[in-house]
Amino acid sequence: MGPRIFKNARILIVDDEQINVELLRRLLERAGFSRIESTNDSREAVDLYLNFRPDLIVLDLHMPHRDGLEVLDELNAIAEASYLPILMLTGDDTQEAKREALSRGAKDFLNKPFHSDEVLLRIGTLLETRFLYLQIQSQNQMLEAKVRDRTRELEAAQIEIIERLARAAEFRDDHSGQHTERVGQMAALIAKQIGLPDTQVYLIRRAAPLHDVGKIGIPDSVLLKPGKLTTDEFAIVKTHTAIGARILSGSSFTILRLAEEIAFNHHERWDGTGYVGIAGAAVPLAGRICAIADVFDALTQTRPYKAAWTVTEAVSEIERQRGRQFDPTLVDAFLRIIEQRERQAPVT
Ligand SMILES: [Fe+2]
């Protein structure tokens, strides 16, 4: 691969001897390069690098004011994470000079007086590496952007499927489809209020609407029965937690594993008199949070067996159940949320 391929490459020459600069410039121009900048003052090298953004720097080693090694150090300190080849030029043929320059970031070495062919070949090789690096870097960026897009799409699909599953579950006893949504929102508010990290708040927001997914397995005659349920019927209703957990079990997705936990535990009580009888902090936190959000919303809604309570009545009931049905810390968080809401829009 010859240097002509890279004729658009920007090359910066830093050499205190004007004659060397002219020689190199002519050589490069004859080879087809047209974007060449140069300076005889090594103190300008960094500014020129920043303004010109060269693809390659030809740098003299011995210069007044600031020698090539110092310029190398300066460039290393400001160069971004990209491959910037620096070709050192010098009349100093010692191994030590070469070793020093290479160890401080130079990519190759040319001894003065140089042969035109050798200069062009070395510049060509360095530019080839530079452009391959840039190409890989841009391909990587494209791939990363694609992966980000796909991940976003998959997440959106996951959320939508979860929402639709929740809607399917509540379709039979709440055609509005709003209960599960509100439970998700309130559960997230409580989670945020107690200081859970944003990622956890988000997962609870999305998983909580699936708390009653197990109602899919409860017969209409029981689920939609107006009035009081018999003991046997209530026993059937109670199976919706286990059915829900079974529907959601075995998933490798965090959000569905959390939904399974919520589905199974959202009717447990702090005092241990819930469906299964797990008590206190042994009930997973998301289940305890969802229990409050679920009961609060259910109380304020009309159901086949009851009229809607006012918000004030429902809040009093939650407060009354502090330390009985519900985790006291979570009830306190819930009450703070209600207080904040009332300050914004007083409940009448
Ligand atoms: Fe439930």
Carboxylate-amine/guanidinium proximity below 4.0 Å for E70 and R43: no

With no hydrogens and no angle check, do the side chains of Q344 and Q340 hold a donor and an acceptor under 3.5 Å apart? no

Could E268 and R288 be called an ion pair, given the rule that one side-chain N must be under 4.0 Å from one carboxylate O? no

Holding to ring pair (Phe, Tyr, Trp, His ring centres under 6.0 Å), I want the full list of residues that pass it with F334, two or more places apart in sequence or in another chain. F296

Would K238 count as a cation-pi partner of Y275, with NZ or CZ less than 6.0 Å from the six-membered ring centre and within 45° of the ring normal? yes

Under the rule for ring pair (Phe, Tyr, Trp, His ring centres under 6.0 Å), what residues qualify as partners of F131, not counting sequence neighbours? F6

Pairs involving residues 180-221, ordered by first then second residue, that meet ring pair (Phe, Tyr, Trp, His ring centres under 6.0 Å) (sequence neighbours left out): H179-H211, H211-H266

With R167 as the cation and F171 as the aromatic partner, state whether NZ or CZ is under 6.0 Å from the six-membered ring centre and within 45° of the axis. no

Check side-chain contact (heavy atoms from CB on, under 4.5 Å) between D220 and all other residues, then give those that pass, not counting sequence neighbours. R172, L224

Passing candidate, side-chain contact (heavy atoms from CB on, under 4.5 Å) with I11, options L56, L87, L24: L56

Quick one: ring pair (Phe, Tyr, Trp, His ring centres under 6.0 Å) partners of F326, sequence neighbours excluded? none

State which residues pass side-chain contact (heavy atoms from CB on, under 4.5 Å) with Q141; sequence neighbours excluded, sorted by chain then number. Q137

With E96, which residues qualify under salt bridge (Lys or Arg N to Asp or Glu O under 4.0 Å), at least two apart? none

Which residues pass the side-chain contact (heavy atoms from CB on, under 4.5 Å) test with K112, sequence neighbours left out? D15, E17, N20, D60, L89, F114

Where the side chain of E37 meets the backbone of L12, is there a donor-acceptor pair that is under 3.5 Å apart? no

Would you please name every residue forming a salt bridge (Lys or Arg N to Asp or Glu O under 4.0 Å) with E155, sequence neighbours left out? none

Looking only at the side chains, is there a donor atom on one of Q301 and R182 sitting less than 3.5 Å from an acceptor on the other? yes

Identify every side-chain donor-acceptor pair in residues 247-263 under 3.5 Å, counting partners at least two apart or on other chains, and give the distances.
unit_1, atom_1, unit_2, atom_2, d
S249, OG, R246, O, 3.0
S251, OG, F253, N, 2.9
R257, NH1, S252, O, 3.2

List the residues meeting side-chain contact (heavy atoms from CB on, under 4.5 Å) with E233, not counting sequence neighbours, and say none if there are none. V222, K225, L229, T230

Name all pairs fulfilling the side chain to side chain donor-acceptor pair (under 3.5 Å) condition that reach into residues 185-194, sequence neighbours left out, sorted by first residue then second. Q193-R336

Are side-chain N/O atoms of D212 and H240 paired as donor and acceptor at under 3.5 Å? yes

